[in-house]
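One-based numbering, in listed order, for ligands and for the atoms of each. Hydrogens, waters and symmetry mates play no part in the numbers below; they use all other heavy atoms, side chains included. The residues of the chain are indexed from 1 along the displayed sequence.
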Amino acid sequence: MKPIKVGLLGLGTVGSGTFTVLRRNQEEITRRAGRGIEISMVAVRQVEKARAIVGDACPVVGDSMLVVDNPDIDIVVELIGGTELPRQLVLRAIANGKHVVTANKALLAIHGNEIFKAAQSKGVMVAFEAAVAGGIPIIKSLREGLTANRIEWVAGIINGTTNFILSEMRDKGLDFATVLKQAQDLGYAESDPTFDIEGVDAAHKATIISAIAFGIPMQFDKAHVEGISQLQAIDIQYAEQLGYRIKLLGITKRTTKGIELRVHPTLIPGTRLIANVEGAMNAILVQGDAVGASMYYGKGAGSEPTASAVIADLVDITRLAAADPGHRVPHLAFQPNSISQEIILPMAEITTSYYLRLRVADQAGVLADVTRIMADLSISIDAMLQKEPAENESQTDIIMLTHQTQEKNVLKAIEKIEQLATVFGQVTKIRLEELS
Ligand code: HSE
């Protein structure tokens with residue numbers, strides 16, 4: 001059988017990894033796919049630079065449209081990043097009857113509904129294993145391996161940059177800005193790290209996970225997005241003293257009122273396996289009603305780990321290219337006519353536990369005032385830590401962990417607590433998940 005022909009858009013970190021791994025493992029991949037997979041055209045901005053990698057294996061062009069319009073190409077692999085240009089290229093490739101593989105989480109979280117609809121009507125596949133957690137096969141696990149389950153929740157460390165920063169802050173007691181600078185100098189963090197540190201990258205991935213876990217459309221605009229740039233080293237230390245680690249989690253959860261979709265720093269019991277995922281590694285914990293908890297761990301970024309996911313998609317498409325569209329694995333795991341319109345809950349309606357840090361006057365009655373406010377709002381306290389004031393200081397920190405409560409109750413309590421004359425500055429609030 002003739003090899004399937006692939007057009008590659010972008011030859012950066014992931015593109016060059018894809019090229020290298022496909023070439024290195026060609027024989028084994030062909031045995032698995034049933035036919036060869038051949039990169040037959042590459043489009044890049046810097047054509048000369050790309051030729052140094054590609055050699056004379058295939059033509060290298062500067063115009064991506066030449067790839068998506070090339071009638072000989074069966075699958076377009078989009079690895080250029082951004083959203084608007086990829087959207088146009090992917091839609092055009094689909095309109096031309098080509099299958100698409102993409103690692104672009106922003107593209108799918110924002111334009112996925114439009115893209116999957118177009119793909120459905122043209123009977124082509126859009127595969128995106130590389131878009132979430134790099135080399136970890138979480139899309140395949142959710143969409144196929146766990147298909148028997150009613151998924152209850154998914155919680156993941158799905159951004160390596162922020163996990164690296166948090167690990168360093170904890171290990172070395174350094175503040176956020178210092179570690180970010182080090183991460184940039186070492187090349188771990190982008191020179192513009194905004195998407196990573198502000199939780200946007202994780203929210204794109206959580207949006208995709210949420211859609212697949214619950215059979216709902218992509219709804220990035222409804223996701224709560226909070227990064228780690230405001231996190232203080234002192235809260236990491238207090239959390240440790242209470243037996244918790246702080247991680248940036250992407251969480252999506254089914255509740256009786258709707259679906260929670262949120263990214264924020266989260267306290268996790270230090271004994272949980274996921275709390276011990278350190279450095280730039282990723283891990284995703286899935287709770288299904290039949291399987292219970294299962295965890296997926298690995299490299300969430302990097303050239304060959306991400307290429308591993310891109311090529312897995314190429315093999316899937318190669319195997320299924322001849323199958324009729326109605327019998328392929330649906331893009332969002334659920335059949336298109338069974339996508340649910342269940343709502344994503346506003347953040348005020350979510351239920352979780354909280355870590356609260358207050359700066360207070362060290363005098364009689366302060367704690368009573370604070371706990372009265374919390375009791376009036378039915379917020380139950382789970383644990384408390386009060387630091388002895390430093391010598392010559394009349395203020396101290398109180399740290400409280402709450403039992404589960406609704407976010408709106410905590411927001412009201414914080415508003416009232418901050419009005420107390422004996423409480424100084426703002427209350428620090430970090431959500432806490434037991435993940436049990
Ligand atoms: N920037 C991402 C991370 C990798 O730090 O995990 C690509 O999604």
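Between E240 and R170, at least one side-chain nitrogen of the basic residue sits less than 4.0 Å from a carboxylate oxygen of the acidic one, meeting the salt-bridge criterion. Using a cut-off of 4.0 Å between Lys/Arg side-chain N and Asp/Glu carboxylate O, K429 and E226 are scored as not salt-bridged.
Atom CG of N282 sits about 11.5 Å away from atom NZ of K299, to the nearest 0.5 Å.
Of the protein's heavy atoms, T161 OG1, 2.5 Å lies nearest to atom 5 (O) of ligand 1. Nearest protein neighbour of atom 6 (O) of ligand 1, counting heavy atoms only, is G160 N, 2.6 Å. From the protein, the heavy atom lying nearest to atom 7 (C) of ligand 1 is K105 NZ, 3.3 Å. The protein heavy-atom contact nearest to atom 1 (N) of ligand 1 is D196 OD1, 2.9 Å. Nearest protein heavy-atom neighbour of atom 4 (C) of ligand 1: A301 CB, 3.6 Å.
Here T306 has no heavy atoms under 4.0 Å from ligand 1, in either its backbone or its side chain.
The side-chain heavy atoms of S210 and I216, taken from C-beta on, include a pair separated by under 4.5 Å.
Partner of T352 under the side chain to side chain donor-acceptor pair (under 3.5 Å) criterion, out of E433, Q406, H264: E433 alone.
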